[in-house]
Amino acid sequence: MKIDQQQIEDHNRNYTQRHEHRFESLADQLVKQDHPVEELIDHLAAFQVAIPSWALGAGGTRFGRFPIGGEPGNLEEKIADVGILHALNRSSGAISLHIPWDIPEDSAAVRELAEQHDLVFDAVNSNTFQDQEGQEHSYKFGSLCHTDQAVRQQAIDHNIEVIGYGKQLGSKALTVWLADGSNFPGQQNFQKALSNTQASLEQIYAALPADWEILIEYKPYEPNFYSMVIPDWGTSFLLANKLGDRAQTLVDLGHHLPNTNIEQIVATLLMEDKLGGFHFNDSKYGDDDLTTGTIKPYQLFLIFNELVQGTENPADLRQNIAWMIDASHNVKDPLEDLLQSVEAINQAYAKAMLVDRELLEEARNSNDPVLAQETLQDACQTDVRPLLREARIRNKAAADPLQLYRQLEVRNKLVEERGSETRATGL
Ligand code: LRH
Ligand code: MN
């Protein structure tokens with residue numbers, strides 16, 4: 001199933017009148033506020049979010065999983081699905097693979113197919129949280145931290161193998177998330193586990209190509225429920241500093257204990273030049289992997305506010321950070337959920353670029369919290385959707401990707417093509 005340009009042009013033609021009216025009135029308002037509208041549109045049009053290869057099928061929990069039908073049954077079909085998203089919003093121009101769920105059997109062919117969909121490969125993810133068929137050593141009690149050197153070496157070799165796949169596909173980063181930890185007090189020697197992990201990461205870091213980065217993802221709990229070897233940003237930051245310049249911290253929004261001030265963590269990592277990337281999603285309680293911006297949209301805005309404030313040139317922001325989604329779709333159509341996530345991320349970015357930075361600093365320097373709040377919320381409560389629509393239309397994407405996705409009955413066509421039983425690898 002491919003979406004052709006004619007279908008998008010037909011859709012946009014129907015939108016033109018309504019859109020132009022709304023866009024012109026917003027552009028007028030923004031110009032009056034001295035906002036560089038054309039520049040804003042260029043930044044938004046250039047902003048790309050990577051789609052996780054492991055979130056293109058129906059997700060589930062231990063209590064159940066409800067198939068969606070038409071799921072991609074292999075890597076080629078996953079690339080085609082990300083191609084559909086990118087055709088609709090021209091903001092999903094990258095795919096992040098998870099190994100071994102998505103091993104590229106023929107890298108040249110996979111790369112060729114991705115190019116046909118105008119896609120590149122973002123960070124590749126290793127997996128030492130599951131035991132694979134025929135695997136010599138189990139990761140039940142950890143991987144890079146394991147008490148047994150043979151298990152640690154097996155996990156190190158796997159990460160180096162993942163770098164190998166990434167190199168063939170043009171990826172420039174390895175994401176390492178470890179399920180390593182313990183379920184009971186006394187079960188693990190915290191210091192030994194952390195120093196084993198550091199020593200293992202040093203071997204992986206040494207195997208990194210010169211132009212690659214390693215992104216260290218932290219998580220406070222699950223699947224271990226007493227301790228995780230890398231539970232928080234501080235531990236990831238500590239390891240990244242010990243490894244070297246090309247080691248950075250990855251912030252998965254769902255990997256924080258309730259009420260954690262994530263925007264402050266982002267500000268600190270940015271200041272220390274150790275913010276490597278994001279896994280965008282949203283959550284109310286735990287690592288719920290819900291649609292980005294659905295539960296805490298103001299937090300998402302505040303995170304982008306720190307990103308825009310903390311970076312001189314927006315182009316650097318785009319280049320230096322890996323923008324990726326990490327979600328699980330238990331009740332929504334995965335492609336609709338991902339379209340909504342990309343839209344929410346773009347809205348937060350657009351609103352953050354509308355903050356009157358001078359006025360905000362003035363309010364801060366004069367300790368005027370009321371004015372500071374008004375300045376932030378003035379931007380956050382601006383309806384930026386016409387700006388995003390304009391950026392998409394200029395990018396030859398759909399004015400309203402979700403509406404066109406439904407109008408074209410993409411899911412039904414995927415079910416016709418693939419049947420209702422296909423199951424995508426991943427979570
Ligand atoms: C762990 C995590 C990690 C992935 C996995 C799919 O919760 O966020 O990023 O490897 O989800
Ligand atoms: Mn993640």
Side-chain angles (χ1 to χ4, degrees), residues 49-62 65 78 94-103 121-132 139 142-145 155 158-159 161-163 165-166 171 173-181 197 201 204 213-225 227-233 235-236 248-257 260 262 265-266 269 275-292 300 303 321-330 334 337-338 341 345 424-427:
V49 178
I51 304 296
S53 63
W54 60 91
L56 293 164
T61 71
R62 57 187 168 167
R65 180 181 173 279
K78 288 187 174 190
I95 185 169
S96 178
L97 295 189
H98 218 297
I99 307 291
W101 292 336
D102 304 298
I103 290 178
F121 290 93
D122 204 312
V124 282
N125 298 262
S126 60
N127 176 341
T128 58
F129 50 86
Q130 293 172 326
D131 291 345
Q132 306 304 321
Y139 293 133
S143 61
L144 299 182
C145 78
H158 165 70
N159 277 277
E161 186 194 1
V162 172
I163 293 170
Y165 286 120
S171 175
L174 168 72
T175 296
V176 176
W177 169 68
L178 302 173
D180 297 19
T197 301
L201 286 170
I204 298 168
E213 287 184 340
I214 184 171
L215 307 177
I216 303 170
E217 184 175 1
Y218 55 90
K219 186 175 183 178
Y221 69 94
E222 190 200 40
N224 278 294
F225 297 100
S227 73
M228 297 282 274
V229 175
I230 310 179
D232 53 28
W233 75 274
T235 309
S236 168
Q248 308 247 308
T249 292
L250 186 143
V251 178
D252 183 315
L253 300 194
H255 293 184
H256 300 87
L257 298 176
T260 299
I262 303 176
I265 293 171
V266 167
L269 290 169
L275 178 63
F278 286 95
H279 275 179
F280 288 110
N281 48 56
D282 211 337
S283 49
K284 185 146 184 69
Y285 304 105
D287 187 20
D288 310 342
D289 280 345
L290 300 173
T291 317
T292 311
L300 186 65
I303 288 170
I321 293 177
W323 310 92
M324 303 176 281
I325 291 172
D326 180 3
S328 174
H329 323 287
N330 300 347
D337 197 333
L338 291 162
S341 274
I345 293 163
T425 54
L427 280 185

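We count ligands from 1, going down the list as the structure has it; atoms in each ligand are counted the same way. In this chain, numbering begins with 1 at the start of the sequence shown.
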Any protein N or O within less than 3.5 Å of an N or O in ligand 1? List each pair with its distance, or say none.
from	atom 1	to	atom 2	distance (Å)
ligand 1	7 (O)	K219	NZ	2.9
ligand 1	7 (O)	H255	NE2	3.2
ligand 1	7 (O)	D287	OD2	3.1
ligand 1	8 (O)	E217	OE2	3.1
ligand 1	8 (O)	D252	OD2	3.0
ligand 1	8 (O)	H255	NE2	3.2
ligand 1	8 (O)	D326	OD2	2.7
ligand 1	9 (O)	E217	OE1	2.7
ligand 1	9 (O)	E217	OE2	2.8
ligand 1	9 (O)	H279	ND1	3.2
ligand 1	9 (O)	D326	OD2	3.1
ligand 1	10 (O)	H98	NE2	2.8
ligand 1	11 (O)	D326	OD2	3.2

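The closest donor-acceptor contact from the side chain of D180 to the backbone of C145 lies under 3.5 Å. In this structure a side-chain-to-backbone donor-acceptor pair under 3.5 Å is missing from S171 to G166. Judged by distance alone, the side chain of D122 and the main-chain N or O of S96 form no donor-acceptor pair under 3.5 Å. When atom types are taken as modelled, the side chain of N281 and the backbone of I325 share no donor-acceptor pair closer than 3.5 angstrom. Between the K219 side chain and the D252 main chain, no donor and acceptor come within less than 3.5 Å of each other. With hydrogens and angles ignored, the 3.5 Å screen pairs no side-chain donor or acceptor of N224 with any backbone N or O of E222.
The Mn ion (ligand 2) has E217 OE2, D252 OD2, H279 ND1, D326 OD2 as its protein N, O or S neighbours under 2.8 Å.
A perpendicular orientation is assigned to the rings of W54 and H98, their planes being inclined by more than 60° (bins at 30° and 60°).
By the 4.5 Å heavy-atom criterion applied to side chains, K78 and P52 are not counted as neighbours.
Of the listed residues (I214, L250, I216), just one forms a side-chain contact (heavy atoms from CB on, under 4.5 Å) with T175, and that residue is L250.
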